[in-house]
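Notes follow the structure.
What you see is a predicted model; the values in this text were computed from it and never measured. Letters A, B, ... are given to chains in the order of the sequence lines, protein chains preceding strands, and every chain is numbered from 1.
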There are 2 protein chains.
Amino acid sequence: MIDPAIPRLYAYHRALLEAAAAGKSTITSGDLAALLGHTISSTQIRKDLSSLGPLGRRGQGYAINPLAEQLAWVLGLEHEWRIAIAGFGYLGHALATFITSRESRFCVAAIFDRSPSLIGVDWQGITVADIDSMEHDIQRAGCNIGVIAVPAPAAQAIAQRMAAAGIRAILNFAPTVLDVRVPVLVRNIDLAGELSMLTHWLTAADANAEAEA
Amino acid sequence: MIDPAIPRLYAYHRALLEAAAAGKSTITSGDLAALLGHTISSTQIRKDLSSLGPLGRRGQGYAINPLAEQLAWVLGLEHEWRIAIAGFGYLGHALATFITSRESRFCVAAIFDRSPSLIGVDWQGITVADIDSMEHDIQRAGCNIGVIAVPAPAAQAIAQRMAAAGIRAILNFAPTVLDVRVPVLVRNIDLAGELSMLTHWLTAADANAEAEA
DNA sequence: AAATGTGAAGAGGTTCACAGCG
DNA sequence: CGCTGTGAACCTCTTCACATTT
């Protein structure tokens with residue numbers, strides 16, 4: 001399965017759960033597209049789904065439950081994922097809450113910070129630990145996904161320590177390029193970059209408006 | 001200028017400021033690529049930059065300061081941007097801090113929440129206001145960018161009200177497709193989707209490892 | 001008749017190879 | 001000689017059109 005399709009598959013999965021909750025048991029690619037606000041075309045949906053196997057019935061549409069299960073399987077949502085969060089400031093805290101509420105099989109299993117005022121704090125049964133003990137705690141908690149929510153200068157070292165502790169996938173919110181030599185998947189969430197797209201678009205729109213006037 | 005190039009331009013800009021701070025006054029596309037951890041090729045960098053005009057000297061490289069200024073101009077970093085944040089939970093709080101610290105011309109100018117325990121709270125001179133007065137406050141504060149950090153069910157209504165108040169660019173952290181009919185640029189930050197890429201990749205890697213064994 | 005599944009065409013962006021300057 | 005700037009080849013993903021199945 002191709003890379004850019006994965007977030008789409010996840011969107012389908014969510015939409016299918018919604019449809020199922022609304023009492024439907026079958027859905028067409030067109031209905032699914034409508035549910036997603038037509039941000040994705042029905043053709044695209046069919047291409048994505050057909051690449052997983054013959055999941056629909058011609059003339060009828062897709063049976064929701066089997067399709068949702070298939071998507072959950074492909075996306076790895078059937079495993080339980082144990083997540084380690086480094087940095088428990090506002091961002092880390094927000095992510096912990098979000099992750100826990102979002103998907104029942106995502107489980108925050110370890111939290112780290114450097115600040116003495118946070119170490120020892122309890123969050124939903126998890127004690128915030130000192131970053132110095134990270135390797136040990138990550139392995140004991142059996143974490144397989146890491147989230148980096150620390151300031152940029154500290155991120156690189158933490159990424160390397162996470163990788164050393166056996167974590168193979170990292171979601172990085174620090175605005176730095178992480179260099180982990182081991183084969184680890186790093187996804188960067190570049191908030192400032194996203195903002196810059198907005199500011200660029202707004203200035204470009206202004207320039208166009210002036211040119212037309 | 002093409003869309004996917006914008007975050008790259010922003011990355012160049014950051015790297016150039018770093019290089020300037022390190023005392024350099026000139027840089028080649030290859031050096032810049034190295035500074036970015038080779039996540040972007042030197043060819044790509046030259047293509048991106050050349051589309052802005054002839055900014056480099058053949059045989060020498062790029063003069064850092066003029067180039068950084070040009071990038072800042074293209075990205076709209078020379079304007080002052082006034083940002084309205086809806087939702088002041090941990091996420092909203094984290095974003096406010098991040099935005100303020102990140103770029104001096106990004107200014108959080110209004111904060112909204114629905115919770116009585118947050119309304120009236122002061123954050124760096126800004127008073128958290130009731131979401132009911134959003135339109136009025138946004139206009140008074142002259143906000144031109146909106147950030148949505150509220151739970152999914154509330155996001156749609158807030159997006160529409162932001163658009164009605166004249167905001168034309170929105171960064172949305174709620175896992176919902178926003179439908180604003182006015183021409184507004186919406187960027188969705190899909191945290192769950194990003195996580196799903198990690199879980200997919202990890203399960204696919206496991207499946208491959210088993211297949212090889 | 002209605003909706004899926006799919007080869008072929010198309011668009012969009014990246015890489016290559018090298019011409020053009022300093 | 002070194003590095004930029006760029007047309008052309010390339011590749012990847014999306015859209016189109018339609019054959020296929022219930």
Could I get the full list of salt bridge (charged side-chain N to carboxylate O under 4.0 Å, His left out) partners for [X], not counting sequence neighbours?
X	value
B:Arg187	A:Glu194
B:Asp132	none
A:Arg82	A:Glu80

Whole Å only: how far is the [atom1] atom of [X] from the [atom2] atom of [N]?
X	N	atom1	atom2	value
A:Leu67	C:dA3	CG	P	16 Å
B:Ile40	C:dT14	CD1	C1'	12 Å
B:Ile27	D:dC3	CD1	P	13 Å
A:Ile6	D:dC13	CD1	C1'	14 Å
B:Tyr12	D:dT4	OH	P	12 Å
B:Leu49	C:dT14	CG	P	14 Å
B:His38	C:dT15	NE2	P	14 Å
B:Asp48	D:dT4	CG	C1'	14 Å

Residues from residues 54-64 of chain A lying under 4.0 Å of DNA chain C - heavy atoms:
A:Pro54, A:Leu55, A:Gly56, A:Arg57, A:Arg58, A:Gly59, A:Gln60, A:Gly61, A:Tyr62

Does one side chain, of A:Gln44 or A:Asp48, offer a donor that lies under 3.5 Å from an acceptor on the other?
yes

Applying side chain to side chain donor-acceptor pair (under 3.5 Å) to A:Gln70 and A:Tyr62, what does each step give before you reach the verdict?
CA-CA 12 Å; A:Gln70 174 74 8; A:Tyr62 300 87; over 6 Å; no

So which heavy atom on A:Ile27 is nearest to which on A:Asp31, and how close?
CG1-CB, 3.6 Å

Angle class for the A:His79/A:Trp81 ring planes (parallel below 30°, perpendicular above 60°, tilted otherwise)?
parallel

Please check the phosphate of D:dT4 (OP1 and OP2 only) for any side-chain N or O of B:Ser29 closer than 4.0 Å.
yes

Any residue meeting ring pair (Phe, Tyr, Trp, His ring centres under 6.0 Å) with A:His38, in chain and number order, not counting sequence neighbours
none

Side-chain contact test, heavy atoms from C-beta onward, threshold under 4.5 Å: evaluate it for B:Phe112 versus B:Ile138 and give yes or no.
yes

Could you go through nucleotides 15-17 of chain D and list every protein N or O atom that sits under 3.5 Å from one of its N or O atoms, giving the distance for each pair?
from: D:dT15; atom 1: O4; to: A:Lys47; atom 2: NZ; distance (Å): 3.1

